[in-house]
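Residue indices begin at 1 and follow the sequence shown. The structure displayed is predicted, hence computed values, not measured ones.
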Amino acid sequence: RISSTMIRELVRNGGIETANRLLGTPFTLKLPVSHGKKLGRTLDFPTLNQYLSETQVAPKYGVYASKTEVHGKIYKSITNIGMKPTVGSSAPLAETYIMDFDGGELYGETVKVSLAAFIRPEKKFSDIDRLKKQIAEDIKAALEVPESLYYDVPLK
């Protein structure tokens, strides 16, 4: 028996792959893009920031393999959900690096980010260089996630 309570608990605990399979579609955040500190640009990983609503189910804080839809095109991405403990955030947010995207600024636009697989819990790094190295490792990990997890997965 599948219930909304079960799905919410899976999402909150990082069981996104199971939640997506039970839902028959990926758990998706559809939120406006907000301005950030623009730190990602200085690390060569520009990100879009989307603040989580107080009423929505917040996924477990950490890094996810994701897909992001921009202007009708879908890109692989990685998304950090949480408080960005290395650099700080005033509220929980989804911070997404979109692979192979050079589509310009998205501030104010509503963008869909679908979570495919949990990669690792959120953590604080000792310095920005270590954070940059970890982002590169997270991208490699996301690229190793099976292609089937990036798209709608029908319940069998």
Side-chain angles (χ1 to χ4, degrees), residues 1-36 40-41 43 45-86 89-123 131 134-156:
R1 180 177 146 108
I2 301 169
S3 69
S4 57
T5 300
M6 175 193 297
I7 299 296
R8 282 192 298 272
E9 284 304 307
L10 285 165
V11 171
R12 287 185 186 122
N13 293 314
I16 203 70
E17 298 95 331
T18 302
N20 289 348
R21 186 173 51 77
L22 295 174
L23 286 167
T25 189
F27 178 85
T28 300
L29 302 167
K30 187 176 178 184
L31 301 164
V33 176
S34 299
H35 288 275
R41 294 175 187 202
L43 300 176
F45 300 110
T47 59
L48 59 90
N49 297 295
Q50 298 171 295
Y51 286 93
L52 303 180
S53 155
E54 291 180 14
T55 59
Q56 73 186 86
V57 175
K60 179 178 180 173
Y61 287 2
V63 177
Y64 294 81
S66 57
K67 68 176 181 176
T68 301
E69 184 177 335
V70 179
H71 304 135
K73 188 170 179 187
I74 297 174
Y75 300 87
K76 283 188 179 180
S77 52
I78 59 167
T79 301
N80 182 75
I81 304 284
M83 298 296 290
K84 302 188 329 182
T86 304
S89 175
S90 59
L93 76 150
E95 185 178 29
T96 302
Y97 169 70
I98 307 170
M99 299 177 207
D100 301 318
F101 178 73
D102 189 22
E105 304 289 340
L106 298 172
Y107 298 118
E109 293 189 42
T110 297
V111 174
K112 287 174 34 175
V113 177
S114 300
L115 305 182
F118 185 77
I119 294 175
R120 65 169 178 84
E122 184 176 56
K123 70 183 238 183
L131 172 61
Q134 184 63 55
I135 293 169
E137 291 173 21
D138 293 340
I139 291 169
K140 287 180 188 174
L143 291 172
E144 292 175 8
V145 169
E147 196 72 22
S148 62
L149 292 180
Y150 281 94
Y151 300 95
D152 292 352
V153 181
L155 187 61
K156 293 181 180 180

Listed partners of K84 passing salt bridge (charged side-chain N to carboxylate O under 4.0 Å, His left out), at least two apart
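K84: salt bridge (charged side-chain N to carboxylate O under 4.0 Å, His left out) contacts with E95.
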Going by salt bridge (charged side-chain N to carboxylate O under 4.0 Å, His left out), name the residues that satisfy it together with K112, two or more places apart in sequence or in a different chain.
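For K112, the residues satisfying salt bridge (charged side-chain N to carboxylate O under 4.0 Å, His left out) (neighbours in sequence not counted) are E69.
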Measure the spacing between [atom1] of [X] and [atom2] of [Y] and express it to the nearest 0.5 Å.
X: T68; Y: I74; atom1: OG1; atom2: CD1; result: 9.5 Å
X: K123; Y: Q134; atom1: NZ; atom2: CD; result: 6.0 Å
X: N80; Y: I135; atom1: CG; atom2: CD1; result: 8.5 Å
X: T79; Y: L115; atom1: OG1; atom2: CG; result: 6.0 Å
X: N20; Y: T25; atom1: CG; atom2: OG1; result: 7.5 Å
X: L93; Y: L48; atom1: CG; atom2: CG; result: 10.0 Å

Enumerate donor-acceptor pairs with a distance under 3.5 Å from any side-chain N or O in residues 57-64 to protein atoms, sequence neighbours excluded.
residue: Y64; atom: OH; partner: K60; partner atom: N; Å: 3.2
residue: Y64; atom: OH; partner: K60; partner atom: O; Å: 2.7

Only pairs under 3.5 Å count here: list side-chain donor-acceptor contacts from residues 98-108, not counting sequence neighbours, and write none if there are none.
residue: E105; atom: OE1; partner: R41; partner atom: NH2; Å: 3.0
residue: E105; atom: OE2; partner: R41; partner atom: NH2; Å: 3.0
residue: Y107; atom: OH; partner: R41; partner atom: NH2; Å: 3.1

Is any side-chain heavy atom of T110 closer than 4.5 Å to a side-chain heavy atom of K30?
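Of all side-chain heavy-atom pairs linking K30 with T110, at least one is under 4.5 Å.
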Is E147 paired with K67 through a side-chain N to carboxylate O contact shorter than 4.0 Å?
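Answer for the salt bridge query: no.
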Salt-bridge present (R12, E9; N to O < 4.0 Å)
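Here R12 pairs with E9 in a salt bridge, since their nearest N and O are under 4.0 Å apart.
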Tell me, please, which residues at least two apart from T18 pass side-chain contact (heavy atoms from CB on, under 4.5 Å).
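Scan of T18 (side-chain contact (heavy atoms from CB on, under 4.5 Å), adjacent residues dropped) gives L10, R21, L22.
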Run the side-chain contact (heavy atoms from CB on, under 4.5 Å) test against T55 and tell me which residues pass, sequence neighbours left out.
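With neighbours one apart ignored, the set is S53.
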